[in-house]
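Worksheet: one structure, shown below.
The residues of the chain are indexed from 1 along the displayed sequence.
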Amino acid sequence: MKHLSGVDATFLHFETTEMPMHVGSLNVLDLPEGYQGDFYEDAKACLAARLHLANVFTRKLALMPFDMSNPVWVEDEDIDIDYHVRHITLPQPGTNRQLQQYVARLHSTLLDRSRPMWEFFIIDGLKSGQVALYTKMHHAGIDGQAGIEVGKAIFDIAPTGRVVKPPRPRARRSSYQLGVAELYGAALRNTAAQYVKVVKLLPALGRAARGLAQRGEATPQGPRSLGRRFNLLAPRTPFNVSITNQRSFAGRTISLAETKGLARHFGVSLNDVVMGTISGALRRYLADSNELPAKSLVAGVPVSLREAGDSTANNQVTGMIVSLASDVADPVERLRQIALSSNTSKSVVNRFKPLILDDFPSFAAPWFMSGMASLVGRSGLVNVLPPMINVAISNVQGAPFPMYFAGALVTCNYPVSIAAHGTALNVTVQSYNGRMDYGLIACRRAVPDIIEIGDYMLLEHRLLMERALETPPAVKAGEVAAAPVKSTAVKPPPAPKKKSRALTSGHPPLRAKASRRGQT
């Protein structure tokens, strides 16, 4: 057995029917030329032969009696592949918009905790003749970087696939769950070890906190106090409400090369450009309905704590808060302000990074956390309390080369993440084969017209490309000027027409130049 860490278990305890805590992806696949087989059966056989390559496929939860402590992972000796891999045919005409809506619906349902917590769906009926693969796995067992390792298990780098060595036979326990005494003993030992970790870290944590408060962080304007560096509260927006279990989803693609070119040209990071693009889109979206606050929007951004080469299937992540500078009208100045805020937050996280615990005492945590999740979600408290952040934004580095699944070419890799109480909108980005695939997931009641935000992101990217041609490249001390950005953007299309929030369609989606067949 293996204990869930404190961070892993948090995703279980905070889960409610309105707030499922699984993550996933949507891949559109090009079948091999002349393919005449049954792709569902081929996909199922491909996965069945590879389940042992990633333990997220083969382990399930063993719950503690009376929920006195966090659960443990145990091996499932009887995996029903027909349950975990399912087949769906879209109704005619099989548009990409229908595919997105179906993915949103599938993403709203909870995973079965009595089985390994993952499901794959093979979706056909697309009018393009392609098929789609939608996956979902519980966040308790996987974060963004661990998901890349799962991808290595199920995807190939050639259409012919690879020979996978079968697992070694092991003796069966012949038991469905562990015994009560065994679970109690494991819980006590694990809780004691967690308290020891906390006690050992307290002196170092105190020293780091004192140093941060006394010295402050250096900025281009000089040292600033902790209170001035961070806005402790974000403005209220339509995204900061209690959510339902209904979801809306949109996928958009932007060129990775163009995004990198913008980062070099303006002297910022790739992630800063991502946040700048999203900030401009949200600024336009909220301005449409006169809901843009005078104060800047704030993003919650995950930060990986993984050491190089660590591919453990768990969560090793913390978070930082970044101003999106949505109160700045000029997109270039907005980008620079985002970079300044991001760099300040990173410096604080880096100082505390060695001291951040991914495991902490969990005695009675299931009771307390589950109760708090229900209270916060159903009492409406998040509708009146000042929010800490307005939107969650995550950027994950993916494969820079084409991948194949069961012999079919993966044309896109849109992340599908988590909407939460108080943060009804989540934008997750993953690079893949020269693309930046943006996955937008939201509570459908809070953000029914999510496709508009996706369209505005493409518009903001094109605007930054045009501004890059008009402004000189940034030059850092000791460096030569960056090469000019090669723009392939055309004149930005007109902004989507303003309309009632009740409308969810009515205009064709904009497409960045790098869009390919399979764009949703």
Side-chain angles (χ1 to χ4, degrees), residues 22-60 73 75-90 94 99 102-103 106-107 109 111-112 114-126 128-138 141-142 146-170 172 311 313 398-399 401-414 416 432-433 517-518:
H22 48 254
V23 293
S25 65
L26 172 62
N27 308 111
V28 178
L29 314 174
D30 282 341
L31 294 172
E33 187 175 354
Y35 181 80
Q36 296 295 327
D38 185 333
F39 188 74
Y40 168 67
E41 293 297 334
D42 289 348
K44 192 166 57 173
C46 176
L47 282 168
R50 302 180 182 209
L51 296 181
H52 62 288
L53 298 181
N55 59 10
V56 69
F57 294 122
T58 59
R59 64 187 184 183
K60 64 180 180 181
W73 293 115
E75 287 295 309
D76 189 343
E77 298 175 340
D78 189 22
I79 298 174
D80 183 358
I81 193 69
D82 290 310
Y83 172 85
H84 289 280
V85 185
R86 305 178 187 182
H87 180 209
I88 292 171
T89 300
L90 291 177
L99 176 62
Y102 214 109
V103 166
L106 293 172
H107 206 65
T109 58
L111 289 164
D112 185 350
S114 70
R115 303 173 185 263
M117 300 179 71
W118 62 275
E119 294 173 1
F120 280 27
F121 294 82
I122 304 300
I123 306 173
D124 56 26
L126 286 167
S128 64
Q130 299 165 293
V131 295
L133 167 67
Y134 162 68
T135 70
K136 66 178 181 180
M137 299 180 180
H138 205 282
I142 193 170
I148 300 299
E149 297 303 316
V150 172
K152 292 178 181 178
I154 64 174
F155 293 123
D156 297 304
I157 59 175
T160 53
R162 66 187 190 273
V163 177
V164 177
K165 186 178 179 180
R168 292 180 178 177
R170 289 186 298 177
R172 293 174 63 93
S311 58
F401 44 79
M403 299 186 300
Y404 297 83
F405 174 72
L409 174 65
V410 178
T411 67
C412 60
N413 193 6
Y414 296 112
V416 191
Y432 168 63
N433 192 31
R517 192 175 177 216

Pairing of Arg59 and Glu75 as salt bridge, 4.0 angstrom limit: no
Side chain to side chain contact (heavy atoms under 4.5 Å, CB included) partners of Leu90, counting only residues at least two apart: Leu99, Tyr102, Ile123, Leu126
Leu111 versus His138, closest heavy-atom pair with distance: CD1-N, 3.6 Å
Separation between CH2 of Trp118 and CG of Leu51, rounded to the nearest 0.5 Å: 5.0 Å
Any side-chain heavy-atom pair of Pro402 and Val410 under 4.5 Å: no
Nearest-0.5 Å distance that lies between atom CG in Leu47 and atom NE2 in His84: 11.0 Å
Phe120 six-ring centre to Arg86 NZ/CZ under 6.0 Å and within 45° of normal: no
Side-chain touch Lys60/Arg115, heavy atoms, less than 4.5 angstrom: no
Heavy-atom closest pair, residues Asp76 and Pro116: OD2-CD, 3.0 Å
Leu106 versus Phe121, closest heavy-atom pair with distance: CD2-CE2, 3.9 Å
Donor + acceptor pair across side chains of Thr109, Lys136 (<3.5 Å): yes
Whether over 12 other heavy atoms sit under 6.0 Å from Ile81 CD1: yes
Atom of Leu29, atom of Ala408 and distance for their closest heavy-atom approach: CB-CB, 3.9 Å
Residues in side chain to side chain contact (heavy atoms under 4.5 Å, CB included) contact with Ala153, at least two apart in sequence or another chain: Leu53, Ala54
Closest non-hydrogen atom pair between His52 and Lys165, with its separation: NE2-O, 2.7 Å
Gap between atom CD1 of Ile142 and atom CE of Met137 - 0.5 Å precision: 5.5 Å
Interatomic distance, Asp30 atom CG to Gln130 atom CD [nearest 0.5 angstrom]: 4.5 Å
Exercise: do Tyr432 and Asn27 side chains pair donor with acceptor under 3.5 Å: no
By ring-ring contact (aromatic ring centres under 6.0 Å, His included) - contacts of Tyr40 (at least two apart): His87
Mutual orientation of the aromatic rings belonging to Tyr134 and His107 [parallel < 30°, tilted 30-60°, perpendicular > 60°]: perpendicular
pair Val150-Phe155: side-chain heavy atoms closer than 4.5 Å: no
